[in-house]
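Here the structure is laid out as structure tokens; the discussion comes afterwards.
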Amino acid sequence: MPDISKRTKLFSESVIRKMTRISLQHGAINLSQGFPDFNPPEQLTNELRRIAHAGPHQYAITWGAPNFRRALAEKQCRFMGIDLDPDENIVVTCGSTEAMMAAMLTACNPGDKVIVFSPFYENYVADTILSGSEPIYVALHPPDFRFSVDELTEAFRQRPKALILCNPANPSGKVFSPEELRIIGELAEAYDTFVITDEVYEHIVYAPFRHTYMASLPGMFSRTISCSSLSKTYSITGWRLGYVIAPREVIEGVRKVHDFLTVGAAAPLQEAAIVGLHMPDAYYEDLLQSYTRKKELFLGYLDRAGLAYTSPEGAYYVLVDIQKFRPESDMAFCEWLTKEIGVAAVPGSSFFREDVNRYIRFHFAKKDETLIAAGEKLLKLAAWE
Ligand code: GLN
């Protein structure tokens, strides 16, 4: 048999998805792969039922159904404060995962360098490898996950083609301040670098923190490729609806990459999700309130279980420090936790360049009863000295 490509040997399978499989195997409560166990809003599921009969069932326009793009442009304009042309500034993709990959393939040439903050969402490593580029890691230092301006400047001196910015950040829960974004933006401008954002948690930012869109900072629209999705905002991670927002010249490239990668996102699902994009402000306030409650509920259990963690400012993940357990490795600890305690988490080594074996990640996008059941199990760790 011929050998498979070298490229595929440079990265391993997703540890997040692997933990879901281990969790299923042991019948554990799965707080590893971040997705809700509750239903999307009824307006979306009712609309999906109607569309099942009414259609569309054939391809939408490759870069997104026109009415979906119009509704998205209107909604994002409302939140980002930028005028977006649905025909020139948007490509609808299969989730933010494809949006990021398409953005990287559009922005980078083989051999280009790309700044990746660590801890990072594991997809970014595969994205850089598949686009032939090379990551330069810049640490976000716990507990507040700030970057050192010197370290970031040093990374920019290597003349990267792009910087990947996950804001609010998975897995750290960091929300970048306008001041931090300004520093990144100024360096990007000085070194003529693209900023590729992943903003899928844009509506899950806990008070008093606020989300600032990089693309909305003065002068930044022209070098920012904003990626996001409807997955987290409307609890529809399986619908795979994401998008890229960028200037026309960049969108021209993204359209071509996207066309040959996937042709398009599912037409009936785009149609059904439009009601979500038309939701009033109250919907986003309720979503945030619900996640704020879930966060408090779950962190309360971590406190009672005697676990040290960094409190998230946004998104729905929490990094727990497992040093006191003196684990053989964070993976071994996660396997033990899944099997013996009955709760699955993701080992921190899949997110960190440094501090490997020190953290594990839980997510709390679950029904209150699921979080309570998981929390009760974690209390068994309280006895640990
Ligand atoms: N974003 C989620 C996580 O980090 C799920 C990602 C996925 O499996 N596609 O867990």
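Note: hydrogens, waters and symmetry copies are ignored here, and every other heavy atom, side chains too, is used.
Under the 4.5 Å side-chain heavy-atom criterion for Ile, Leu, Val, Met, Phe, Trp and Tyr, Leu269 and Phe35 are members of distinct hydrophobic clusters. No continuous path of hydrophobic side-chain contacts links Ile51 to Met279 [ILVMFWY only; heavy atoms under 4.5 Å]. No continuous path of hydrophobic side-chain contacts links Met104 to Phe260 [ILVMFWY only; heavy atoms under 4.5 Å].
Side-chain polar atoms of Thr128 and Glu134 form no donor-acceptor pair below 3.5 angstrom. Between the side chains of Ser177 and Glu179, no donor N or O sits under 3.5 Å from an acceptor N or O. Side-chain contact of Ser226 with Thr224: a donor-acceptor pair under 3.5 Å is absent, judged by distance alone. Side chains of Ser329 and Asn357: no donor on one and acceptor on the other come within 3.5 Å. If you check the side chains of Arg361 and Asn170, you find a donor sitting under 3.5 Å from an acceptor. A donor-acceptor contact closer than 3.5 angstrom links the side chains of Asn67 and Glu271. Under the 3.5 Å distance criterion, with hydrogens and angles disregarded, no donor-acceptor pair is assigned to the side chains of Tyr309 and Tyr359. There is a side-chain donor-acceptor pair under 3.5 Å between Asn30 and Ser32.
The two residues Ser231 and Ser229 make their nearest non-hydrogen contact at N-OG, 3.0 Å. The shortest heavy-atom contact between Val92 and Arg69 is CG2-CG, 3.8 Å. Closest of all the heavy-atom pairs between Asp112 and Ser133 is O-CB, 3.0 Å. When all heavy atoms are compared, the tightest approach of Thr310 to Pro143 is CG2-O, 3.7 Å. Here the shortest heavy-atom pairing between Glu47 and Arg50 reads OE2-NH2, 2.9 Å. The heavy-atom pair separating Ala332 from Glu328 by the smallest distance is CB-CB, 4.3 Å.
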Applying salt bridge (charged side-chain N to carboxylate O under 4.0 Å, His left out) to Arg293 and Asp368, what does each step give before you reach the verdict?
CA-CA 9 Å; Arg293 201 193 56 247; Asp368 291 4; 3.1 Å; yes
As a quick check of understanding, evaluate side-chain contact (heavy atoms from CB on, under 4.5 Å) for Ile115 and Tyr191, giving each step before the final call.
CA-CA 12 Å; Ile115 298 181; Tyr191 289 91; over 6 Å; no
Please assess Ile360 against Val346 for the test side-chain contact (heavy atoms from CB on, under 4.5 Å), listing each intermediate value before the final yes or no.
CA-CA 6 Å; Ile360 60 170; Val346 184; over 6 Å; no
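Separation of the Tyr317 and Tyr121 ring centroids does not fall under the 6.0 Å cut-off. In this structure, Phe298 has its ring center closer than 6.0 angstrom to the ring center of Phe362.
Both the sub-6.0 Å distance and the 45° axial angle are not jointly satisfied by Arg223 relative to the ring of Phe194. Taking the ring axis of Phe156 as reference, the NZ or CZ atom of Lys113 does not stay both within 45° of it and closer than 6.0 Å to the ring centre.
One finds the CG atom of Leu337 at 6.0 Å from the CG atom of Leu378 (value rounded to the nearest 0.5 Å). Residue Met214 holds its CE atom at 11.0 Å from CZ of Arg182, rounded to the nearest 0.5 Å. For the atom pair CZ (Phe145) and CD (Glu313), the distance works out to 9.5 Å, reported to the nearest 0.5 Å. Atom CZ of residue Phe221 and atom OH of residue Tyr213 lie 13.5 Å apart, to the nearest 0.5 angstrom. Here the CG-OG1 distance, from Leu297 to Thr292, works out to 12.5 Å after rounding to the nearest 0.5 Å. Atom CD1 of Ile129 is separated from atom OG1 of Thr8 by 10.5 Å, given to the nearest 0.5 angstrom.
Ring geometry, Tyr316 versus Tyr201: the interplanar angle exceeds 60°, so the pair is classed perpendicular (tilted spans 30 to 60°). The aromatic rings of His203 and Phe79 stand perpendicular to each other, their planes meeting at an angle above 60°, with 30° marking the opposite boundary. Using cut-offs of 30° and 60° for the angle between ring planes, the Phe333 and Trp336 rings count as tilted.
No option in Glu199, Gln76, Glu202 other than Glu202 meets the side chain to side chain donor-acceptor pair (under 3.5 Å) test with Ser228. Between Leu165 and the options Leu181, Ile196, Val116, a side-chain contact (heavy atoms from CB on, under 4.5 Å) holds for only Leu181.
At a threshold of 4.0 Å, the pair Asp85-Arg248 does not count as salt-bridged, since none of the basic side-chain nitrogens sits closer than that to a carboxylate oxygen.
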